[in-house]
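None of these values were measured; they are calculated from a predicted model. Each ligand, and each atom within it, is numbered from 1 in the order the structure gives. Throughout, residue positions are numbered sequentially from 1 according to the sequence presented.
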Amino acid sequence: MPETTGEKAYETREFQAEVKQVLDIVVNSLYTDREIFLRELISNAADALEKLRYESLTKKEVQDQELPLEITIELDDQEHTLTITDTGIGMTRDELIENLGTIAHSGSKTLIQQLADAGRKDLSLIGQFGVGFYAAFMVARKIRVLSKSYQIDAAGYEWTSDGIGSYTIGPAEGLTRGTKIILELKDDAHEFTAIDNIKRIIRQYSSFVPFTITVNGDKVNTIQAIWTRNKNEISEEEYNEFYKFIANTYDEPFYRLHFSTDAPLAINALLFVPMQNFERYGFGRMEPGVNLYCRKVLIQQQAESILPEWLRFVKGVVDSEDIPLNISRETMQDSALVARLRRAITGRFLKFLNEQARTSPDRYAEFWQTFGIFIKEGLTSDFTHRDELAKLLRFESSATEPGKLTSLAEYAERMPEGQKEIYFINGPTREIIEAGPYLEAFRARTLEVIYTHEPVDDFVLSNLMEYEQKKLVSVDQAELELPSLEDSPGEEPLDSETVNSLAGWLKETLGDKVSEVKESGRLVDSPAVLLNQDSIMTSSMQRVMQAVNKDMGAVGKKTLEINTRHALIKRLAVLREKDADFAKIVVEQIYDNALISAGLLADPRGIVDRMYQILERAVS
Ligand code: ADP
Ligand code: MG
């Protein structure tokens, strides 16, 4: 039975009070990005088409079955109208009244309060809470909505309003299924009849709407929502084209991850790692690169909260049906749902990286060179994923060939029985590390040491503290339990009495520079070494501090360990008795040499003077 028009003919109705408030703000305020009204209308049209698609899949019959599912925009620069038509689900009379005359959303009270409070009339607020339609009143002095529901017996209706106080509703003849919205543009909004302008806006906000959009007969959105398609049906080239489009670049992606899940959340994601890390070249901090969609409708470009900050180098699309279409930037940040999405996507992405590292380690090493810094940033700033992140770390080590990298897992596998800790040392290059005194004890015991080269590495490893219950230890630390050596290397050591008195005298001579002097259990070739008593304040951390403050001396408590088998130390014990003054000069020099080996700044003036005095002795 068709609906009777009768007494329900033309009727003027008041908007609900809350709608009036919203409209008052929309109509009487000037907005800078008014163009988002089009996104709202297209997203409503796309929604209506999605619903129709669903209905025609689940019901036997819908009205005007043969109509193609599409969105048509007509611009008339003579009449100054913009008309947007969809062949979607349409609205009945009651639905027009309900949907366009009231705000059903429970958040509307908050919204209106926020709008009233926001002196600056923040537009992102308008898009919230299901009031996107009213955004059209920013550009239109009058809006006509002609709609016919998909239901077989539905009739057509016209809804008209100038956005002030009331609207009229009445029957309309000759409509087909769907909704036609005619905007009579305000005098200052005539730019919205310019075809190129409208096409640009559509490309910006709605390129991936999965229904054809035409503007004055031209099809605009050629790019499909490829992330929703089956992986097997998408060619390499299509993927790359899509990447270029969203990343606004000309090169190809380095990595690609396309996945979808249904539980616990419905996610469809297509993520790319670019070729370059522009932050490395000093281009400043990258913006987040992932766009958030809900059923192919763009919700937020460069969404901030959908991935953690340290994944800001990732480009792509996340589409989740679970995200409400009108979620705002503010709401995104503290939404529990978004946090769950973020955790799920990040976890999946890290799993992907670990797979890549396992299956193509060389290519992963390239990734590591370029983007490793972000993984390190993640490790120091985000505890949620630290286990997965730790697996991704790569370093050189005493067991790798120069230039080759190893993971903590591989290191752990190589650990001999009895070794409980993972050792690392920081130094600018492999050569410098290997020439220094710190490695000697480990080399003698064939214990592997990880070489870190970036100043940030010690911070990362100290922060991580352990890997699979194995403590991460910097080898310039004083408190180290090393297995004793079976066969002691070379010379006999000094007797313990001499050692004690020598150590006491050294401490006295060096004063506050060291907090302790003791016999070394670890040195082999070097006479002495400086070790840190504070496990966090490694030498590399001190170097970072010295780089900031050049006048700063060595920081943190230090132990000077002496090699009591070394000829220099042995002779020093004798020299000290015969020529205490000269012995002191030698001690100062030993200390400065140890500082240099630690990569810490020593006062060069002192060194040069002293060297001359020592040389003078040597040549006489
Ligand atoms: P939201 O889309 O968030 O619900 P809007 O203010 O954009 O809020 O739209 C309000 C409601 O009006 C929609 O939920 C929908 O029911 C209805 N509507 C708007 N545009 C259309 C359309 N083109 N076809 C069918 N229904 C529509
Ligand atoms: Mg909407």
Practice task
Please report the closest heavy-atom contact between N291 and Q302, naming both atoms and the distance.
Solution key: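 Here N291 and Q302 meet closest at OD1-N, 2.8 Å.
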Handout entry: Considering all heavy atoms, the nearest V290-L307 contact
Key = CG2-CD1, 3.5 Å
Problem - Stacked cation flag R285 on F278, 6.0 angstrom / 45 deg - result: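 Judged by the rule, R285 and F278 form no cation-pi pair.
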Practice task
Could you tell me whether G132 and ligand 1 have an N or O pair separated by under 3.5 Å?
Solution key: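 There is such a contact, yes.
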Practice task
Kindly confirm or rule out an N or O of N44 lying under 3.5 angstrom from an N or O of ligand 1.
Solution key: yes
Exercise for the section: Decide whether the shortest distance between a heavy atom of E40 and an atom of ligand 1 is less than 4.0 Å. Expected result: no
Exercise for the section: With heavy atoms under 4.0 Å as the rule, classify the contact between M91 and ligand 1 as side chain, backbone, both or neither. Expected result: side chain
Completion exercise
Quick look: D86 vs ligand 1, heavy-atom contacts under 4.0 Å, and the answer is side chain
Exercise for the section: Show the numbers, then the answer: is there a side chain to side chain contact (heavy atoms under 4.5 Å, CB included) between I164 and L23? Expected result: CA-CA 7 Å; I164 304 164; L23 282 169; over 6 Å; no
Practice task
Would you sort out whether R144 and K180 count as a side chain to side chain contact (heavy atoms under 4.5 Å, CB included), showing the intermediate values?
Solution key: CA-CA 8 Å; R144 294 172 65 202; K180 181 191 287 288; over 6 Å; no
Handout entry: Parallel, tilted or perpendicular: ring planes of H190 versus H80, cut at 30 and 60 degrees
Key = parallel
Exercise for the section: Take the angle between the ring planes of F192 and F37 and call it parallel below 30°, perpendicular above 60°, tilted in between. Expected result: perpendicular
Exercise for the section: With atom 25 (C) of ligand 1 as the reference point, say which of A136, A48, S149 has the nearest heavy atom. Expected result: A48
Handout entry: Atoms of ligand 1, numbered as shown, that sit under 4.0 Å from any heavy atom of L100
Key =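 The list of qualifying atoms is 12 (O).
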Exercise for the section: Just jot down the ligand 1 atoms closer than 4.0 angstrom to any heavy atom of T179, in number order. Expected result: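 Counting atoms of ligand 1 from 1, those under 4.0 Å from T179 are 22 (C), 23 (N), 24 (N), 25 (C).
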Practice task
Please determine if the Mg ion (ligand 2) has an N/O/S atom from S43 lying under 2.8 Å away.
Solution key: no
